[in-house]
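See structure below.
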Amino acid sequence: MSSPTDARYSPQAIEAKWQTAWDAAEVFKARRDPARPKYYVLEMFPYPSGRIHMGHVRNYTMGDVVARYKAAQGFSVLHPMGWDAFGMPAENAAMEQGGHPKDWTYGNIAVMRDQMKPLGLSIDWSREFATCDPEYYGQQQAMFIDMLEAGLVYRKNAVVNWDPVDMTVLANEQVIDGKGWRSGAEVERRELTQWFFKISDYSEELLEALDGLENWPEKVRLMQRNWIGQSRGLQFAFSTIDAPEGFDRIEVYTTRPDTLLGVSFVAVSPDHPLAKQLERHDAEVAAFVADCRKIGTTEEALEKAEKKGFDTGIRVRHPFNNELELPVYIANFILMDYGTGAIFGCPAHDQRDLDFARKYGLPHPDVFFALDKDEPVETLAFVPPKTERVRYLRGFAGEEIQTGEQAVEAAIAFCESQGVGHGVTKYRLRDWGLSRQRYWGCPIPIVHCETCGVVPEAKANLPICLPDDVSFDQPGNPLDRHPTWTRCTCPKCGASARRETDTMDTFVDSSWYYARFTSPRAPTPTEREEADYWMNVDQYIGGIEHAILHLLYSRFFARAMVKTGHLPESAKEPFDALFTQGMVTHEIYTTRDDKGRAIYHLPEDVEDGKLKATGEPVRIIPSAKMSKSKKNVVDPVNIISAYGADTARWFVMSDSPPERDVEWTSAGAEAAFKHLARVWALSERIAEMEEGAPSEADTDLMRAMHTAIADVTKSIENFAFNKAIAELYAFNNTLSRSTASGAAQKTAMRVFAQLMAPMVPHLAEDIWARQGGAGLVAQAPWPKADPAMLVQDTITLPIQINGKRRSEIEVPADLAKEEVEKLALADDAVVRALEGRAPKKLIVVPGRIVNVVI
RNA sequence: GCGGGUGUGGCGGAAUGGUAGACGCGAGGGUCUCAAACACCCUUUCCGCAAGGAGUGUCGGUUCGACUCCGACCACCCGCACCA
């Protein structure tokens, strides 16, 4: 080996050096430059949990590859970073360890920023903010007031999880098996008056606009489509018999009015006004309803719970058959939030209704049969797709064969003509409840005045800052029991009044941060010129777990910002392209506390299945998404200090395709480091070479180089970073074995550095400089592949016999089909297989394959 | 329970309906070395000495040809509106 003894790849020195150089040149500062096209790359900003983990490294490296690649393509790039800093963990930490959520949060941010910076991400740190900065949430309060005035905010009652021992509202994740996570008390459903955003005003628009999001994954659009849940159905009222006063009618909504003649019962939600009315005077009803309210507030809990009903004794008349009286049940699986909170049951064609009917001995008359069968329903409901043709026995037009869809429309038309209800379009999407009875969130800028009622704060008084003097030694919302903070003046009449103590859902914070990044220090939520230039986000990158809520709320919020004048009309769909990366998974380690509840432990605190500190054995739960609450997070800091940031970046981008989950393993990090060290050594060797005389090997190397440019470029464009890396490996193999002249190898090495720069920017920068590249590789234009160098003269055509590969032939790339056929038929394997017969069929796919069918 | 997704060697994975296993890891063999590390070369889907055969979660279908498209099933993952 000719390399000098001191020549060694030392990332620590290289990385610090180039990060300093980038900072000095302000390479990553986003500049509004009307002369250049802009590109806005955004990764979902992190929650400051305390330390970065491999999921962050993977997520932010992906964005960085895109940002650096686009910069090389000549775009003016905006690539910012901030912190989704409000939320429960800060309050939990305050309760567990003492201290203040603010100190905990800002402390975590400082640590994580320090951990992130050595990664060498091309971020414009001058735009950084945290959502818990008063400068940020004050602007959010201003928008809340604007939205209130625009009719997009209102108050109504909604149910929450109530812990009767701790006297506090619980989040769904704090309810475990129906019990409070701290107190262990049975959780109750309780109604509170809460603030709501009118996202339902936009149901139809949010649904229709999904079609325009062509650069979003189809699965995300489908999930949102189903979540919004448009349905067409019939709404009508049953008239009641023996019902309490004011309940002479029960409104129901059904998507299957074609089954109205197969109805055998009516059921209402336990939260339905009728149930509430009966509950007041009937102990049995009260007991049943109370029982229903023990089921959690989640749809999942409701769906999984055993289906139960209570016969109220009330009857309704069938709208088309006065003789027929149907029982009215209160049923635990009916949602008050959907439709009218009341349904009719057609057991023959709905499994849940059938189970219910069988349980309570109700009939289940068939409405239609399959075309080829006429067996009455017994234990399995007959629920064919609505597009399938079936034979109606109890349709509105007698015995008729039609699809469910046709029958539904016909039924609606018939019912309307008879004056029984009307066809309506409904959505599953519910309004967005934003009230949280918690401290660490954006205060809702509202004042409750005895004379004026509910009054928005004056904008001049914003931001309404959270008070610092709070304690977390007792459960509940510290704002609610604060002695002075709640006292304020009514902005309307000047009388003394009480401040709203609810804070905002943290989803509000993350619904507009992308817009704030365009002018993070502005005295208004956004600045028109900046928003006009930078919006929309050209590429948004984040986890699939945000497919519905965060992304749907952001889409709504952008529209609300358009309506209130904070964003241009063109920004109502804020994310032009979306990429959902897979999650980084890891095993979970738990022990139990004295009450049997799970305590989670960090991987770094566990060794050989035992806690390092106490030796207590831990339970190992199979890999799951890395999450701060489960503490199954891996610390990348160790990898970076041992091998450098480029190794960490290279490793997380290689192997797994970015959209798929990856299980963290330390095995590959060493290998990634060795590879980068080999590349560095190769560059040293090439740098020492003489220029030399051109040879045929030069042409081969240049062909390989242009192929690499074309392949890597395409792979990065397609978000196939693992393939880009595989192609870089292949080019490395070619280059390191090349016998081309020094001049050619130097050229190839410089291009190699450019191609790997998005993934390993520090190493690329070092090689670029060593090979005499001009300026910084971070600012060099992306290389272009010469199409002439990609053309191949001869190709290998595989020959299949009956679809199985049996042979191959070398042919000129542009050989005529007839010639290929002749050559194929002359091939030994083909001659042997044909045994003198003619082939049944001969398929030649030019440039791809030949298939001989015998 | 409902909605969405994923499934390919020992491992991560590659493959516009056209040579299944690119590239990497690991493993085995070799060169170099006093030795080790590093580096380099070769082998590596399975069965078989070979010829050959089988093979992309399972079962079926469409096609000249299926990892790819369709249907059913199994397993795992994500979401289910107060985790972020």
Return the nearest nucleotide to the side chain of A:Leu549; candidates are B:C80, B:G53, B:G24. B:C80
Looking for any heavy atom pair under 4.0 Å, which part of the strands does A:Val169 touch: base, sugar-phosphate only, or nothing? base
OP1 or OP2 of B:G24 less than 4.0 angstrom from a side-chain nitrogen or oxygen of A:Lys674, does that happen here? no
Classify the nucleic acid contact of A:Lys840 as base, sugar-phosphate or nothing, counting any heavy atom under 4.0 Å across all strands shown. nothing
Take nucleotides 61-72 of chain B nucleotide by nucleotide from the 5' end and write B, S or -, depending on whether a protein heavy atom sits under 4.0 Å from the base, only from the sugar-phosphate, or from neither. ---BS-------
Picking from B:G13, B:C23, B:A81, which would you name as closest to the side chain of A:Ser656? B:G13
Among B:C25, B:G13, B:G1, the nucleotide that comes nearest once only the side chain of A:Pro657 is considered: B:G13
Would you indicate what A:His546 reaches in the nucleic acid, counting non-hydrogen atoms under 4.0 angstrom: base, sugar-phosphate, or nothing? base
In which ranges does RNA chain B form stems of 3 or more consecutive Watson-Crick or G-U pairs, distances under 3.5 Å? B:1-7 with B:74-80, B:10-12 with B:23-25, B:26-31 with B:39-44, B:45-47 with B:52-54, B:57-61 with B:69-73
Base, sugar-phosphate, or nothing: which does A:Arg352 touch, judged by heavy atoms less than 4.0 Å apart? nothing
Taking atom C1' in both B:C42 and B:A51, what distance in whole Å separates the two? 25 Å
A:Asn172, nearest nucleotide to its side chain (from B:A84, B:G13, B:C82): B:C82
Quantified in whole Å, what is the C1' atom distance between nucleotide B:U63 and nucleotide B:G9? 28 Å
Under a 4.0 Å N-O cut-off, is there an ion pair linking A:Arg428 with A:Glu299? yes
Return whichever of A:Arg832 or A:Ala672 has its heavy-atom-nearest nucleotide of RNA chain B closer to the 5' end. A:Ala672
Taking the nucleotide of RNA chain B with the nearest heavy atom to each, does A:Glu659 or A:Leu429 sit closer to the 5' end? A:Glu659
What nucleotide, of B:C82, B:U19, B:G79, holds the atom closest to the side chain of A:Glu545? B:G79
Pull up the glycosidic torsion of B:G48 and say syn or anti, syn being anything within 90° of 0. anti
Taking the side chain of A:Arg848 as heavy atoms from C-beta outward, which of B:G18, B:A84, B:C80 is closest to it? B:G18
Determine the interatomic distance between C1' on B:U68 and the same-named atom on B:A15; round to the nearest Å. 9 Å
Indicate, with a heavy-atom threshold strictly under 4.0 Å, whether A:Arg737 touches base, sugar-phosphate, or nothing. sugar-phosphate
